[in-house]
Visitor: 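Just passing along the structure, written as structure tokens.
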Amino acid sequence: METVVSGIRSTGNLHLGNYFGALKNFIKMQQENNCYFFIADYHSLTTHPDPKSLHTNVKNVLTEYLAAGLDPETSAIYVQSDVPEVTELYLLLNMHAYMGELAKTSSFKEKARKQPENVNAGLLTYPTLMAADILMHNADKVPVGKDQEQHLEMTRKFGRRFNNFYGVEYFKEPAAYNFGGELVKIPGLDGSGKMGKSEGNCIYLADDPKTIEKKVKRALTDQGPSEMNSVKPDYIENLFTILNVVSTPDTVEFFEDKWNKCEIRYGDLKKQLAADIIAVTNPIRERILDIQNDEEYLRRVSIMGAERARESASKTLREVREIMGFKPF
Ligand code: TRP
């Protein structure tokens, strides 16, 4: 079985795009691999979150991932800051991470531009902390989006460099987890290409049915096609893309047919779309509500996850320290 490490940012609520773009595949991935899922709360410190919201953010993310189907019996699900080994590995790796290469990272340059008043060392060494997360479990695979590919490349570089420097073959080179063609990009309801928090066009897993109906109703449409079999404008295509992932093939075919014959009624389409989105999100939302109120469950899950993560992390750290020459008296 291969080892997979996935870090989850502890900001914001999960939306339909997160679900179909990643999470749904994680549920299958965790059956076939030895998975470590963790909430990257140390990473979130680079932007100086309010102490009052730090824990709440972590709790929300943990709750929503569990509600969506990450299984704490199958995978190690933990909070990064519950595993202190990561900070030590981070320190050790930092000794072989160079200022020049860190400062050249796209994410660093972007953050430095966005928050010129707070270009801290944590921001600069973000890739080393991420490398520590991954190398700590000697991962084979890491599911990453486009924006994280460079960080994964740096992880490989740091691992290789460590191996070369100390003349060992210790760290494996983690590859990107490949979901094949299965990853779906969910568009926004406003005609834009992508559903995203900053775009303000999201349907959240925690949205109640009324809210979802309202959001779908507001989606951009027009008077309908005037020619048979015409190409759909982007904003209509987007509705069909979402329909494709939430509805049955019969339903999709029905509306495709109506479109092609210029008989489509957007009111009907939207009603169906909202109902089928709700069928996906509502069971998750109900679990969110249950888990949110079950502090004891969240405590148990996080302790169990941290124990599993620390077992693997402390083994790595022991070996790394030995390779580097640390010895007890
Ligand atoms: N940097 C990742 C993000 O912003 C989160 C992350 C931290 C991560 N450590 C990781 C992802 C380790 C995968 C593996 O999304």
Side-chain angles (χ1 to χ4, degrees), residues 2-15 17-19 21-23 25-26 29-30 33-47 49 54 57-58 60-62 64-65 70 75-91 93-94 97 102 105-112 114-115 120 122-159 171-179 183 194 196-198 305-306 308-309 312-313 316:
E2 292 195 311
T3 297
V4 175
V5 172
S6 177
I8 300 160
R9 244 180 290 195
S10 52
T11 50
N13 292 88
L14 292 173
H15 53 72
N18 301 133
Y19 184 70
L23 202 45
N25 298 283
F26 286 2
M29 180 176 82
Q30 71 181 345
N33 299 276
N34 177 26
C35 288
Y36 294 90
F37 295 105
F38 71 94
I39 298 165
D41 58 345
Y42 278 145
H43 279 104
S44 78
L45 294 179
T46 54
T47 53
L54 187 69
N57 289 342
V58 172
N60 283 345
V61 178
L62 181 61
E64 296 199 348
Y65 272 84
L70 290 196
S75 309
I77 303 173
Y78 65 97
V79 180
Q80 186 184 33
S81 61
D82 284 342
V83 180
E85 285 80 3
V86 72
T87 59
E88 187 174 343
L89 186 57
Y90 163 65
L91 177 140
L93 291 175
N94 265 335
L102 293 168
T105 317
S106 323
S107 59
F108 175 73
K109 287 196 292 193
E110 194 188 319
K111 270 280 169 17
K114 276 197 193 147
Q115 50 179 64
N120 60 64
L123 210 54
L124 183 71
T125 56
Y126 186 109
T128 352
L129 182 55
M130 180 156 161
D133 292 324
I134 297 167
L135 297 175
M136 181 165 91
H137 302 302
N138 224 343
D140 299 289
K141 299 265 163 70
V142 182
V144 284
K146 266 253 160 287
D147 62 327
Q148 297 297 317
E149 274 171 6
Q150 191 180 27
H151 288 153
L152 184 58
E153 186 50 47
M154 291 176 82
T155 299
R156 286 193 279 264
K157 199 199 270 180
F158 294 147
F171 289 122
K172 290 188 232 176
E173 285 200 21
Y177 194 99
N178 189 355
F179 292 104
L183 280 194
K194 190 174 162 224
K197 196 168 53 114
S198 42
R308 271 168 76 172
S312 138
T316 304

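Just follow the structure's listing: the first ligand is 1, and inside any ligand the first atom is 1. Predicted model, so just to flag it, every value in this text is computed and none were measured. Below, all heavy atoms of this structure are taken into account, side chains as well, without hydrogens, waters or symmetry copies.
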Visitor: Within the distance-only criterion (no hydrogens, no angle test), does the side chain of D133 pair as donor or acceptor with the backbone N or O of V86 below 3.5 angstrom?
Guide: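 No, the answer is negative, given that no donor and acceptor are paired below the 3.5 Å cut-off.
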Visitor: Which protein residues have a heavy atom closer than 4.0 Å to any atom of ligand 1, listed by chain and number?
Guide: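 Within 4.0 Å of ligand 1, the protein residues are G7, R9, F38, A40, H43, Y126, M130, D133, I134, V142, Q148.
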Visitor: Does any part of the side chain of N120, heavy atoms only, come nearer than 4.5 Å to the side chain of L45, both counted from C-beta?
Guide: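 L45 vs N120: side chains apart.
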Visitor: Does any part of the side chain of F108, heavy atoms only, come nearer than 4.5 Å to the side chain of L102, both counted from C-beta?
Guide: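 Contact flag for L102/F108 side chains = no.
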Visitor: Quick one: sort the Y78 and F38 rings into parallel, tilted or perpendicular, breaks at 30° and 60°.
Guide: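 The arrangement is parallel - the two ring planes meet at less than 30°.
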Visitor: If a pair satisfies salt bridge (charged side-chain N to carboxylate O under 4.0 Å, His left out) and one of its residues is in residues 134-143, list it, with sequence neighbours excluded.
Guide: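 The answer is E2-K141, D140-K172.
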Visitor: Indicate the atoms forming the closest heavy-atom contact of D41 with S44, along with that distance.
Guide: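 What the structure gives for the nearest pair is O-OG, 2.7 Å.
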